[in-house]
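This report concerns only the one structure given below.
These figures come from a predicted structure and were not determined experimentally. In each ligand, atom 1 is the first atom listed, and ligand 1 is the first ligand listed.
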Amino acid sequence: MKIIIREVETSEEMEAAQAIRFEVFVKEQNVPPLLEKDPDDEKAMHVIALKEGLIIGTGRLLILGNIAKIGRIAVIHSERHRGVGTAIVKKLIEIAVQRGIREIFLHAQIPIVPFYALLGFVPQGPVFQEAGIPHRRMKMKFQNNDDEPIIA
Ligand SMILES: CC(C)(COP(=O)(O)OP(=O)(O)OC[C@H]1O[C@@H](n2cnc3c(N)ncnc32)[C@H](O)[C@@H]1OP(=O)(O)O)[C@@H](O)C(=O)NCCC(=O)NCCS
């Protein structure tokens, strides 16, 4: 089944992406709705995963000068473990690299650290709480003019 990952193009697509985030983070993980939908949504770029025209996953990239933050990666429950989450993060990395970003970081929920590690992110620093969930910062650095991550 072909999965298409692309940037959100319409307000309807943004609403559908936010509905998935509500289902996953608020209903499944008990994150408070006011924390889930934060002011960074206005500034971030958002991508969606489409399967037969249906939105099944989403994620966002927040550019902060010459670094960027990946967040809100969510795939509907019935479509997990089929590579959709990986494809979303890879697309966000690609967008960041095209924009000349040299370093990407994210806040990974502790059980999800292995998912991001498979993509080349490296854990940094101590465990901390965010939205009542233990997290760890992870980062990926790029060489100058080269999109190969430095694993270090
Ligand atoms: C995390 C999430 C986005 C992964 O999406 P996905 O489409 O299932 O991911 P992939 O199929 O690309 O996973 C690739 C590999 O990463 C690892 N992985 C994926 N999800 C994992 C998890 N929950 N825990 C540990 N490793 C995981 C596995 O090795 C997996 O390979 P496998 O399916 O052969 O076991 C999805 O589980 C999700 O939406 N979870 C709820 C929201 C969330 O926690 N988001 C991350 C916040 S930091």
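Nearest heavy atoms, F115 versus G85: CZ-C, 3.5 Å. A pairwise comparison of heavy atoms in I88 and G57 identifies CD1-C, 3.7 Å as the closest pair. Closest non-hydrogen pair, I73 versus G59, comes out as CD1-CA, 3.8 Å. The nearest pair of heavy atoms linking I93 to M140 is CD1-CE, 3.8 Å. Shown here for F142 and I101, the closest heavy-atom pair between the two residues is CD1-O, 3.8 Å.
Here is the list of ligand 1 atoms found below 4.0 Å of a heavy atom in R82: 11 (O). Proximity to Y116 (heavy-atom distance under 4.0 Å) selects the following atoms of ligand 1: 46 (C), 48 (S). In summary, the atoms of ligand 1 found under 4.0 Å from a heavy atom of G83, numbered by their order in the structure, are 10 (P), 11 (O), 12 (O). Ligand-side atoms of ligand 1 in range of H107: 48 (S), range being under 4.0 angstrom from any heavy atom. Within the listing of ligand 1, atoms 39 (O) sit less than 4.0 angstrom from a heavy atom of A74.
The closest heavy-atom contact to atom 5 (O) of ligand 1, among the options G85, G59, A87, P111, comes from G85. Distances from atom 45 (N) of ligand 1 to the heavy atoms of I70, V75, I73 show the closest one on I73. Evaluated by nearest non-hydrogen atom to atom 23 (N) of ligand 1, the leading choice among I112, I110, V84 is I112.
The aromatic rings of H135 and F128 lie parallel to each other, their planes meeting at an angle below 30°, with 60° marking the opposite boundary.
Residue contact check for ligand 1: R72 places no non-hydrogen atom closer than 4.0 Å to it. At least one heavy atom of Q29 sits less than 4.0 Å from an atom of ligand 1.
Atom 37 (O) of ligand 1 has R80 CD, 3.3 Å as its closest protein atom, hydrogens excluded (heavy atom only). Ranking the protein heavy atoms by distance from atom 30 (C) of ligand 1 puts H81 ND1, 4.1 Å first. Of the protein's non-hydrogen atoms, the one nearest atom 47 (C) of ligand 1 is Q109 NE2, 3.7 Å. The nearest protein atom to atom 15 (C) of ligand 1, hydrogens excluded, is given as L118 CD1, 3.7 Å; this is a heavy-atom distance. Among protein heavy atoms, the minimum distance from atom 9 (O) of ligand 1 is reached at F115 CE1, 3.5 Å. Of all protein heavy atoms, the one closest to atom 12 (O) of ligand 1 is T86 OG1, 2.5 Å.
Atom 2 (C) of ligand 1 is not flagged as protein-proximal [any protein heavy atom, distance under 4.0 Å]. Using a 4.0 Å threshold on non-hydrogen atoms, atom 34 (O) of ligand 1 does not count as touching the protein.
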I would like to know whether E36 and R72 meet salt bridge (Lys or Arg N to Asp or Glu O under 4.0 Å); could you show each step before the answer? CA-CA 8 Å; E36 200 293 308; R72 302 300 194 273; 3.2 Å; yes

Take Q18 and T58 through the test side chain to side chain contact (heavy atoms under 4.5 Å, CB included) and record every step on the way to the result. CA-CA 8 Å; Q18 260 153 356; T58 187; over 6 Å; no

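Remark: side-chain polar atoms of R136 are paired, donor with acceptor, to backbone N or O of G125 under 3.5 angstrom. Although no hydrogens or angles enter the test, the distance criterion places a donor-acceptor pair under 3.5 Å between the side chain of R80 and the main chain of V75. Panel note: side chain H46, backbone D41; a donor-acceptor pair is recorded below 3.5 Å.
The proximity of L106 to ligand 1, defined as any non-hydrogen pair under 4.0 Å, does not occur for either the backbone or the side chain. Residue V24 touches ligand 1 through its side chain alone, judged by heavy-atom distances below 4.0 Å.
In terms of the side chain to side chain donor-acceptor pair (under 3.5 Å) criterion, residue partners of Q124 (sequence neighbours excluded) are, by chain and number, R137.
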